[in-house]
There are 2 protein chains.
Amino acid sequence: MITVLGVPEVVIDRLPVYARTLAELNRKGRQVVSSQELGEELGVTPAQIRKDLSYFGRFGKQGRGYSVQRLTNELRRILGLDQAWTMVLVGVGNLGRAVLSYKGFTAEGFRIVAAFDAHTETVGRTVGGIRVYNVKNLASFLTSNPADIGIIAVSASGAQEVADLLVGSGVKGILNYAPVALRVPVGTQVKNIEPVLALQSMTYYLKTAAP
Amino acid sequence: MITVLGVPEVVIDRLPVYARTLAELNRKGRQVVSSQELGEELGVTPAQIRKDLSYFGRFGKQGRGYSVQRLTNELRRILGLDQAWTMVLVGVGNLGRAVLSYKGFTAEGFRIVAAFDAHTETVGRTVGGIRVYNVKNLASFLTSNPADIGIIAVSASGAQEVADLLVGSGVKGILNYAPVALRVPVGTQVKNIEPVLALQSMTYYLKTAAP
DNA sequence: CCGTGTGAACAAATTCACAGCC
DNA sequence: GGCTGTGAATTTGTTCACACGG
């Protein structure tokens, strides 16, 4: 298939999962993997994996499977993970501090370059090696230091305002930890991290689960 | 529609979002809302809202809309949010401590009753008002204090072992913060919180975004 | 006349199944 | 013989459009 535009979003959402599992297999010294094995590893049908990959090219060898190394690289290239991404974080409360201290982003090439907060007692501090600035200076900071992604870790009531500010300063992607549905212009990407919503849909099934 | 079983999972995942927005409208003093207005509020088509609700009953009034209060209550009942849920957390590192300090769970009726960790320097401490026990005692704790949900906040390499332990001790739902696809028996619910995967799919669109 | 509830029409996503190649 | 890549078949999910009640 030659299609470049119009890949379903569900497919894009699965690619990082494949990439992560492949990296894990690579670490274990695995050279080749079939869609069957990969599917078993992460609870997905082999056909789905092959179909998903077919949107982007032909990466496998019939009768053999996929080169773990090669497929990992291809997926990282497709997703844009072969480049570094810069991020700013807004809201240095409990949650914000945990995010700043988290090593997982850096390890995958996502670098937080600055943090912002409205409370004077937090401004000027350094958390997880990241300097905290006054949120009043967010726009001017981004003008001289453009960032790709903004992380919102403020309260629900302040989140929309921060989102507007980020979007107005050229940020094209938002990772939103605030429990609110943000309104952003088309073309701006938003991904929500919502543990409470996750729990609230889980209970529907627990309620009726067999003992 | 009278169907009780077989509601699509995507529908269940949307209900908490509706419930949250309705609660917000309620706080603002709003009495009645139409599917049109609710849809605009959170970027969903009115038809989808009506169809989603129709799986569970008839909650609206023709020509008027939905009673905000009534619909909130119905959704909470459907989702099982009219009861309290007890949770245990495993892994009291940076992330685990942030989760223990987070007020959002308690506010929605999800109560963490105990935390567990493998490191002796952490065991015995209290974080966010929750006592930390040795993970060796997890199974015996759960035998005398059954919990509905387990929160996994350990490293990727330890997560499967913890999941097995939780499932073996009667936990029916897992909120997983570890970056790994857990294998659990059918009937056990797993929800993954994956900020890194969220970023990694977002970059696909940022890569090709218009300037 | 407004807005719900819902079959029917449509669109999207998944799975099947097999030709083709290693 | 094994496994990919992919059209076709099937299943699942969304939107339309309108009868009906307030």
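Because only heavy atoms are used, hydrogens play no part in the values below, and waters and symmetry mates are left out as well, while side chains stay in. In what follows, chains carry the letters A, B, and so on, assigned in the order in which the sequence lines appear, proteins first and then strands, with residues in each chain numbered from 1.
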Report all side-chain donor-acceptor pairs from residues 148-166 of chain B shorter than 3.5 Å, counting only partners two or more places apart or in another chain.
| from | atom 1 | to | atom 2 | distance (Å) |
| --- | --- | --- | --- | --- |
| B:Asp148 | OD2 | B:Thr86 | N | 2.9 |
| B:Asp148 | OD2 | B:Thr86 | OG1 | 3.4 |
| B:Ser155 | OG | B:Ser157 | OG | 3.1 |
| B:Gln160 | OE1 | B:Arg183 | N | 2.9 |
| B:Gln160 | NE2 | B:Asp164 | OD1 | 2.8 |
| B:Gln160 | NE2 | B:Arg183 | O | 3.0 |

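In terms of modelled atom types and a separation under 3.5 Å, the side chain of A:Arg76 and the main chain of A:Asp82 share no donor-acceptor contact.
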With B for base contact, S for sugar-phosphate-only contact and - for none (protein heavy atoms under 4.0 Å), nucleotides 9-18 of chain D reads ----SSB-B-
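Taking the side-chain contact (heavy atoms from CB on, under 4.5 Å) definition, one finds that A:Gln189 meets it with B:Met202, B:Tyr205, B:Leu206, sequence neighbours left out. A:Arg50 meets the salt bridge (Lys or Arg N to Asp or Glu O under 4.0 Å) test with no other residue; sequence neighbours excluded. Remark: B:Asn94 pairs with no residue by the side chain to side chain donor-acceptor pair (under 3.5 Å) rule, at least two apart or across chains. B:Ile193 meets the side-chain contact (heavy atoms from CB on, under 4.5 Å) test with A:Ile193, A:Pro195, A:Ala198, B:Leu175, B:Tyr177, B:Pro195; sequence neighbours excluded.
Taking every heavy atom of residues 35-43 of chain B and every atom of DNA chain C, pairs under 4.0 Å involve B:Ser35, by number.
Residue A:Arg58 has no polar side-chain atom (N or O) positioned under 4.0 Å from OP1 or OP2 of C:dC21. At the phosphate of C:dC2, neither OP1 nor OP2 sits under 4.0 Å from any side-chain N or O atom of B:Tyr66.
Taking atom CG on A:Leu53 and atom P on D:dG5, their separation rounds to 7 Å, with Å as the unit. Atom P of nucleotide C:dC22 and atom CZ of A:Arg64 are separated by 12 Å, given to the nearest angstrom. Spacing between atom CZ of B:Phe59 and atom P of D:dG22 amounts to 17 Å, rounded to whole angstrom units. Here C:dG3 presents its C1' atom at 13 Å from CD1 of B:Ile49, a figure rounded to the nearest Å.
Listed by first then second residue, pairs satisfying side chain to side chain donor-acceptor pair (under 3.5 Å) with a partner in residues 103-113 of chain A read A:Glu108-B:Gln200, not counting sequence neighbours. Annotation: side chain to side chain donor-acceptor pair (under 3.5 Å) contacts involving residues 61-73 of chain B, sequence neighbours excluded, comprise B:Arg70-B:Glu74.
Judged by atom type and distance alone, B:Gln62 reaches the base of D:dC20 through a side-chain donor-acceptor pair under 3.5 Å.
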